[in-house]
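What follows is one structure encoded as structure tokens, with my remarks underneath.
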Amino acid sequence: MIMEIDIQIVNNIDTTSVYQRLSHCKSGGICVFIGSVRDSTQNEKVEALDFETYEKMALKEMEIIAKEAGTKWKLNKVILHHVHGRKEIEEPVVMVGASSAHRDACFEACRFLIDTLKIRVPIWKKEFFTNKTVWVTEHP
Amino acid sequence: MIMEIDIQIVNNIDTTSVYQRLSHCKSGGICVFIGSVRDSTQNEKVEALDFETYEKMALKEMEIIAKEAGTKWKLNKVILHHVHGRKEIEEPVVMVGASSAHRDACFEACRFLIDTLKIRVPIWKKEFFTNKTVWVTEHP
Amino acid sequence: MKILLFGIAKDIIGTSSLLLKEAEKNPKTVGELKKLISNKYPKFKTLSSIAIAVNSCYAEDKTKLQSSDEIAIIPPVSGG
Amino acid sequence: MKILLFGIAKDIIGTSSLLLKEAEKNPKTVGELKKLISNKYPKFKTLSSIAIAVNSCYAEDKTKLQSSDEIAIIPPVSGG
């Protein structure tokens, strides 16, 4: 069984194509997680986020994560897309997903993808508040 | 906190609008599950599925499920879309999702939505095999 | 009393709705209706479960039926 | 020996890459580099963790460094 992997670091995430990217004739289930910019964090008003990436390494780590998911679950397709640059409220910043024959595998894999991405992929988020900017130095 | 609910029984599911339907200024996480037609079940080749719905009751049950999810988790938006009629391989047949401040809630809610839909919503699937058609009388 | 039929229930009975004439001894409760149906159409006994909806809500066996109710036989569902 | 800097590491050191001149006593291992950095820039000690990537892979403290390697300081990541 060959698993297809689609990994990207982009200016803007194309959420409209997510089904086309993950649908597969042997998949009955597709699970997608999209992270987006919230208007506040710990009760402070957020104006925007800015993502810096170590792109070469980030792509490599995202591929390692995709392949690790493929060894843990029987998946047909996996995507990991992350943005770089400044993003405003409600804009998508990360989109991960997996497709599989049954839904257990795609749900578990999708959760693994986002959890592991947040721990391991060299991407840094700066929060813009009204009067200051802060590098988030702990994944939430 | 008001939760927005989007429930539909449709001829075709519009997967391209899923982000727009679930994104929200107070949501950092969106989880979506899409079910689609697999080309086989228990090693038998499937040609298509046909969904019959008791539409009035199905919409009512889907709304009950959405509201129940809203009492279990803090959600900003919930969608439950299901098709009726004949669907070919790789076509989407169900799309459910939830958006919330943090990812735990949307993942758990999304899983609850699809699991509960499959148990309770009055929709029936007929499988078209090469030489026969079969009503699926057990949810998988 | 009119009863809507879906999925395999429609195939077993051979029609999309069932009309119980007033002349027949109409069931007074959901439980009685279930018994009546599965006695008349023994194939229902092969299904893993059978539910009755009254006015598009799942009903318990003790729920009373009125001839104005919208009644439906709900064989095991298989959406999604 | 050139070291890439990202996120808060860039702000602490004040530049996007650091050049260790040959004249300086260059670190031989990842562990030595970590010590050198956090002695020279004590603010790194306030971070919850600090990792070093060698040729775009996370490296262990015992990993040997060569001047041709692509070396990067990886402060706590916060993608997603």
Side-chain angles (χ1 to χ4, degrees), chain A residues 7-10 13 33-38 41 46 49-65 80-85 87 92-97 110-127 132-140, chain D residues 1-20 27 29-31 33-34 37-80:
Chain A
I7 283 164
Q8 293 183 28
I9 290 179
V10 288
I13 284 176
F33 174 81
I34 303 173
S36 52
V37 184
R38 270 190 306 147
T41 183
V46 170
L49 299 178
D50 197 2
F51 289 92
E52 184 177 348
T53 70
Y54 178 12
E55 183 161 338
K56 183 161 63 166
M57 181 175 169
L59 292 168
K60 216 187 246 188
E61 284 293 321
M62 285 156 86
E63 187 158 345
I64 291 170
I65 293 168
L80 290 141
H81 292 192
H82 202 291
V83 296
H84 57 72
K87 296 294 143 201
V93 301
V94 63
M95 178 168 80
V96 300
C110 187
R111 183 71 206 242
F112 169 82
L113 293 174
I114 186 62
D115 287 355
T116 314
L117 180 147
K118 279 173 178 270
I119 291 168
R120 236 163 63 182
V121 176
I123 298 179
W124 298 270
K125 183 184 342 206
K126 190 185 255 180
E127 289 172 332
K132 61 177 178 190
T133 66
V134 178
W135 283 109
V136 181
T137 52
E138 288 285 28
H139 64 88
Chain D
M1 185 175 277
K2 193 183 164 188
I3 299 164
L4 303 176
L5 303 171
F6 297 97
I8 199 165
K10 204 169 56 177
D11 284 4
I12 289 174
I13 299 183
T15 170
S16 68
S17 70
L18 196 64
L19 202 65
L20 301 184
T29 65
V30 164
L33 173 60
K34 281 185 182 174
I37 294 285
S38 58
N39 284 336
K40 200 161 173 188
Y41 306 96
K43 270 199 178 168
F44 276 111
K45 290 175 184 158
T46 67
L47 300 181
S48 64
S49 74
I50 187 91
I52 304 293
V54 177
N55 300 321
S56 59
C57 288
Y58 285 109
E60 297 182 356
D61 280 0
K62 63 173 193 256
T63 304
K64 292 209 167 59
L65 298 176
Q66 297 185 308
S67 58
S68 60
D69 287 333
E70 180 172 306
I71 299 166
I73 297 183
I74 310 288
V77 302
S78 53

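In what follows, chains carry the letters A, B, and so on, assigned in the order in which the sequence lines appear, proteins first and then strands, with residues in each chain numbered from 1.
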> Side chain, backbone, both or neither: which part of A:Val93 has an atom under 4.5 Å from a heavy atom of chain D?
Replying inline: side chain
> Checking heavy atoms, do the side chain of A:Tyr54, its backbone, both or neither come under 4.5 Å from chain D?
Replying inline: both
> Can you name the side-chain contact (heavy atoms from CB on, under 4.5 Å) partners of A:Glu55, sequence neighbours left out?
Replying inline: A:Ile9, A:Thr53, A:Leu59, A:His84
> Taking only residues two or more places apart in sequence, or in another chain, which ones meet A:Arg38 in a side-chain contact (heavy atoms from CB on, under 4.5 Å)?
Replying inline: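 A:Thr41, B:Ala101, B:His102.
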Toward chain A, the part of [X] with a non-hydrogen atom under 4.5 Å:
X: D:Asn55; answer: backbone
X: D:Leu47; answer: side chain
X: D:Ile50; answer: neither

> Ignoring hydrogens and geometry, is there a side-chain-to-backbone donor-acceptor pair from D:Asp69 to D:Gln66 under 3.5 Å?
Replying inline: yes
>> For D:Lys62, I'd like to know if atom NZ has over 12 heavy atoms of other residues, nucleotides or ligands within 6.0 Å.
In response: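 Open.
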> Mind checking whether D:Tyr58 and D:Thr63 have side chains closer than 4.5 Å, heavy atoms only?
Replying inline: no
